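Here the structure is laid out as structure tokens; the discussion comes afterwards.
For the single chain, residues carry numbers from 1 onward in sequence order. Since the structure is predicted, the reported quantities are computational estimates derived from the model, not experimental observations.
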Amino acid sequence: VSRFESITMAPPDPILGVSEAFRADTHEMKLNLGVGAYRTEELRPYVLSVVKKAENLMLERGEFKEYLPIEGLAAFNKATAELLLGADNPIIKQQRIATVQGLSGTGSLRLAAALIERYFPGAKVLISSPTWGNHKNIFNDARVPWSEYRYYDPKTVGLDFDGMISDIKAAPEGSFILLHGCAHNPTGIDPTPEQWEVIADVIQEKNHIPFFDVAYQGFASGSLDADASSVRLFAARGMELLVAQSYSKNLGLYAERIGAINVVCSSADAAARVKSQLKRIARPMYSNPPIHGARIVANVVGDPALFNEWKEEMELMAGRIKSVRQKLYDSICAKDKSEKDWSYILKQIGMFSFTGLNRAQSDNMTDKWHVYMTKDGRISLAGLSAAKCEYLADAIIDSFY
Ligand SMILES: Cc1ncc(COP(=O)(O)O)c(CN[C@](O)(C(=O)O)[C@@H](O)C(=O)O)c1O
């Protein structure tokens, strides 16, 4: 009998497992609206042209493949902090930000969780209800206790702002508050600028530590600056904060696993100490990060022509998602004879739409219509083409009633 007899079969991942089920389906109308991965109108994966240009540059240069330092590629770390805060942000000149290249957003969140576990014993992380499915796994595995703050209001299919504020207020002083910088996953519902001000007030009041997860900067609105405005608002108040970044969506570098963890501190000395301890955590975890994606980001951001072209491509991607969101809404309204108000689909921002479909209705979408989505009712609009909107509208209406 095997020595591994006691290891049971793990359940499929609620998000990545959907793609596995999609691949196994042979139905010709099948549609994968599960994982948050951008597809073109032809439903093909998309490698940005600036990425290809940067890679050709790198090939011509014939660069080495030596180990990076534990904290990653310096040119990348500089570029990623400047993209986040703005190149002229005084925090950067004052060297008050500790930036460590992480294994994309997931790996960066995990590094931060390990730092919290080690240096903030007993501190809790508050996560939104609902939130990205992997947040709970990351904090559980890092042995960081978490609890939820109210976020989604099923009655209005909108933000339960009062609930969110009162839960953040009620949390023990000095809790970490995990916030989605833009394009909240899975709801697509973001606080307004005014609401962000109030969220910052209550976090300051309670001496909490803001912890932003920024996985869609530039991808949600099409503007790098607009999508970073919540983080920059908190930083401008002089708050210390953590920010995990990812280039999976906005630069299409999914499998290159490129991201960063940033810790804005009140002094350069604190930032240096924080960075040194993040390195100490990373070394036994994976030693040092992959170089390819870091060089792509550094080359794209470092070259004005490539940087501008990247911004154009982000606007294109965000634009396609916005137009497919509108087309889906129009298709549903044209077909649905009830008075149901579907406008929440239009108000949502970013890659996802929270349809309001419950578990059983989401199952019907898959079992009967071969539309693959997460069981919380989320669909990734990035996987939808204009041509498929009619079909999807039929499936949603059939499943809703
Ligand atoms: C809020 C949030 N934070 C972090 C990540 C991590 O992304 P990465 O490790 O690739 O940088 C995602 C990606 N979430 C998904 O788009 C999704 O929700 O489908 C998908 O990539 C995933 O891994 O689940 C995310 O939505």
Fill in: Test item: V264 and V243 side chains (from C-beta on) under 4.5 Å apart, heavy atoms
no
Worksheet item: Angle class for the H135/F139 ring planes (parallel below 30°, perpendicular above 60°, tilted otherwise)?
Response: tilted
### Message
Under the criterion side-chain hydrogen bond (donor to acceptor under 3.5 Å, both in side chains), I'd like the reasoning laid out for T131 against H180: C-alpha separation, chi angles, the key distance, then a yes or no.
### Response
CA-CA 9 Å; T131 192; H180 296 231; 2.8 Å; yes
Subject >> Audit row: K340, I332, side chain to side chain contact (heavy atoms under 4.5 Å, CB included) steps and yes/no >> reply: CA-CA 10 Å; K340 180 172 167 50; I332 291 174; over 6 Å; no
Checking N364 against R359: is there a side-chain donor and acceptor pair closer than 3.5 Å?
no
| message | Check whether R320 reaches the backbone of R39 with its side chain - one donor and one acceptor, N or O, closer than 3.5 Å. | response | yes
Would you say that V35 contacts V18 through its side chain, given a criterion of any heavy-atom pair below 4.5 Å between the two side chains? no
Q. Under 3.5 Å, is there a donor-acceptor pair between the side chain of Y391 and the main chain of W369?
A. yes
- prompt: With distance as the sole criterion, is a donor-acceptor pair present between the side chains of Q348 and T187 under 3.5 Å?
  reply: no
Any salt bridge between R378 and D376, counting N to O under 4.0 Å?
no
**Donor-acceptor contact present, side-chain S104 to main-chain G107, <3.5 Å** = no
So, E71 and R283, do they make that salt bridge, N to O below 4.0 Å? no
>> Applying side-chain hydrogen bond (donor to acceptor under 3.5 Å, both in side chains) to N137 and N134, what does each step give before you reach the verdict?
In response: CA-CA 5 Å; N137 300 331; N134 212 22; 2.9 Å; yes
The reported gap from CG in D153 to CG in D162 (rounded to nearest 0.5 angstrom) is 10.0 Å
- Item | Residues K169, E205; criterion side chain to side chain contact (heavy atoms under 4.5 Å, CB included); working and verdict | CA-CA 8 Å; K169 256 192 195 133; E205 200 182 293; 3.6 Å; yes
d(L85 CG, N262 CG) to nearest 0.5 Å is 7.0 Å
| request: For the residue pair F352 and Y216, categorise the inter-ring angle as parallel (less than 30°), tilted (30 to 60°) or perpendicular (more than 60°). | output: perpendicular
Would R44 and E42 count as a salt bridge (charged side-chain N to carboxylate O under 4.0 Å, His left out) here? Give the steps.
CA-CA 5 Å; R44 308 276 312 139; E42 295 68 40; over 6 Å; no
inquiry  = Would you say that Y247 contacts E256 through its side chain, given a criterion of any heavy-atom pair below 4.5 Å between the two side chains?
reply    = no
Exercise for the section: Verify, without hydrogens or angle tests, whether N308 (side chain) and P304 (backbone) share a donor-acceptor contact under 3.5 angstrom. Expected result: yes
So CE of M29 and NZ of K388: to nearest 0.5 Å the spacing works out to 4.5 Å
### Query
Would D225 and R232 pass as an ion pair if we require N to O under 4.0 Å?
yes
### Polar side-chain atom of Q245 near backbone of G105 as donor-acceptor pair, under 3.5 Å
no
Ignoring hydrogens and geometry beyond distance, is a side-chain donor-acceptor pair present between W132 and D213 at under 3.5 Å?
no
Q.
Does R96 form a salt bridge (charged side-chain N to carboxylate O under 4.0 Å, His left out) with D269? I'd like the steps, not just the answer.
A. CA-CA 8 Å; R96 290 197 292 113; D269 175 60; over 6 Å; no
Q.
Are the side chains of F22 and K30 in contact, using a 4.5 Å heavy-atom criterion?
A. yes
Q | salt_bridge(R295, E55) N-O dist < 4.0 Å | A | no
Quick one: does any side-chain atom of N288 pair with a main-chain N or O of Y67 as donor and acceptor, under 3.5 Å?
no
Would you call the rings of H27 and H370 parallel, tilted or perpendicular if under 30° counts as parallel and over 60° as perpendicular? parallel
* Check the side chains of S175 and K124 for a donor-acceptor pair under 3.5 angstrom, ignoring hydrogens and angles. => no
Item to complete: For T355 and F400, run side chain to side chain contact (heavy atoms under 4.5 Å, CB included): C-alpha distance rounded to whole Å, both residues' side-chain angles, the deciding distance at 0.1 Å, then the answer.
Response: CA-CA 10 Å; T355 61; F400 218 90; 5.9 Å; no
Checklist line | Stepwise side chain to side chain contact (heavy atoms under 4.5 Å, CB included) test for I70 and L278 | finding: CA-CA 9 Å; I70 298 171; L278 283 169; over 6 Å; no
Check: P191 and I199 side chains under 4.5 Å, non-hydrogen atoms:
yes
* Asked: Given the rule in the salt bridge (charged side-chain N to carboxylate O under 4.0 Å, His left out) test, do D167 and R150 qualify, once you have shown the distances and angles that lead to the verdict?
  -> CA-CA 7 Å; D167 289 347; R150 276 166 282 170; 2.7 Å; yes
Check: Hey, does the side chain of T374 reach the backbone of I15 with a donor-acceptor pair shorter than 3.5 angstrom?
Finding: no
ask   = Can you list the steps and then say if F176 with F120 is a ring-ring contact (aromatic ring centres under 6.0 Å, His included)?
value = CA-CA 10 Å; F176 289 82; F120 294 85; 5.0 Å; yes
#### Entry: R237 with D201: basic N within carboxylate O range, under 4.0 Å
yes
* Asked: Would you call K206 and E173 a salt bridge, using N to O less than 4.0 angstrom?
  -> no
With a 4.5 Å limit on heavy-atom distance, are the side chains of M314 and Q217 in contact?
-> no
Should the pair R23 and Y372 be classed as cation-pi, given the thresholds of under 6.0 Å to the six-membered ring centre and 45° from the axis?
no
d(S338 OG, Y401 OH) to nearest 0.5 Å is 3.0 Å
Could you tell me whether the side chain of F212 reaches within less than 4.5 Å of the side chain of L178, counting heavy atoms only?
-> no
When rounded to the nearest 0.5 Å, the distance separating CG of L381 from CD of Q326 is 12.0 Å
Is it the case that N140 and W146 place a side-chain donor and acceptor less than 3.5 Å from each other? yes
Under 4.5 Å between any side-chain heavy atoms of Y152 and V157, yes or no? yes
Any donor-acceptor pair under 3.5 Å from K249 side chain to G36 backbone: yes
| message | One thing to verify: whether K53 and E309 come together as a salt bridge, which I'm taking to mean a side-chain N less than 4.0 angstrom from a carboxylate O. | response | yes
Check against ring-ring contact (aromatic ring centres under 6.0 Å, His included), Y329 and Y344: CA-CA 9 Å; Y329 170 75; Y344 58 83; 9.0 Å; no
Charged N to carboxylate O below 4.0 Å: is that the case for E82 and K78?
yes
Would you say the side-chain atoms of R118 and Q277 include a donor-acceptor pair closer than 3.5 Å?
no
message = Does K93, at its NZ atom, have more than 12 non-hydrogen atoms belonging to other residues, nucleotides or ligands within less than 6.0 Å?
response = yes
When rounded to the nearest 0.5 Å, the distance separating CH2 of W310 from CD1 of I296 is 11.5 Å
